[in-house]
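Following: one structure in structure tokens, then a few remarks.
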Amino acid sequence: MKGILLAGFLLKNIPVISDKIQIKHTWSASLRSIAFSVILVCAGLGLDSKALTKLKAVCLPLSISPCLVEARSSAILAHFLMHLPWQWGFILGFVLGAVSPAVMVPSMFILQGGRYGVEKGVPTLLMAAGSSDDILAITGFNTYLDMAFSTGKYLITHIL
């Protein structure tokens, strides 16, 4: 995983390499979507259905709370430190919130391999919460992006 990150950094930031190797924007977007899908599929395959049914009441609050706290904290910091509008602060916060499964899923597989927390279903709970956290982050991002680029007339005609 670290090798992929290092390769991407080198391909983009070293002038000699970035001049010779160009990746089209459509390919880049497709590769990101594929990587995101692979992460979520791996998380889904690592879920234990018995543990998930036992901990289903905890899963929803555990998926909603961190995403909203990250978005709110980022919006406040972006607004007061960087003087960004509130919409852009929330866009930034939801982008940061969407990164969590990419970091958490590989770590949970390591914990499952070492049998840490497996009896109580901790890795399953965290992978399920992180995956549903992404749904909220993507929805929040698109909502605030639409708000940032909408006009006042559009909002008034759709509200009335």
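The analysis underlying the following values was restricted to heavy atoms, covering all of them including side chains, and did not include hydrogens, waters or symmetry mates. We number each residue from 1, following the sequence as shown. Nothing here was measured: the structure is a model prediction, and the numbers come from that model.
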Exam field: side chain His79 to backbone Leu84, donor-acceptor pair closer than 3.5 Å
yes
[X] side, atom [atom1]; [Y] side, atom [atom2] - distance, nearest 0.5 Å:
{"X": "Phe141", "Y": "Leu136", "atom1": "CZ", "atom2": "CG", "answer": "13.5 Å"}
{"X": "Leu81", "Y": "Ser74", "atom1": "CG", "atom2": "OG", "answer": "11.0 Å"}
{"X": "Leu145", "Y": "Ile138", "atom1": "CG", "atom2": "CD1", "answer": "13.0 Å"}
{"X": "Phe94", "Y": "Arg72", "atom1": "CZ", "atom2": "CZ", "answer": "9.5 Å"}

Quick check: do Leu92 and Leu77 have side-chain heavy atoms less than 4.5 Å from each other?
no
What pair of heavy atoms forms the shortest contact from [X] to [Y], and how long is it?
{"X": "Pro61", "Y": "Pro66", "result": "O-CD, 4.1 Å"}
{"X": "Ala137", "Y": "Gly97", "result": "CB-C, 4.1 Å"}
{"X": "Gly89", "Y": "Ala78", "result": "CA-CB, 3.9 Å"}

The single option from Thr139, Ile135, Asp133, Asp134 that satisfies side chain to side chain contact (heavy atoms under 4.5 Å, CB included) with Cys67 is Asp133
Just to verify, what does Ser73 make a side-chain contact (heavy atoms from CB on, under 4.5 Å) with, not counting sequence neighbours?
Val69
Check whether the ring centres of Phe80 and Trp86 lie less than 6.0 Å apart, and answer yes or no.
yes
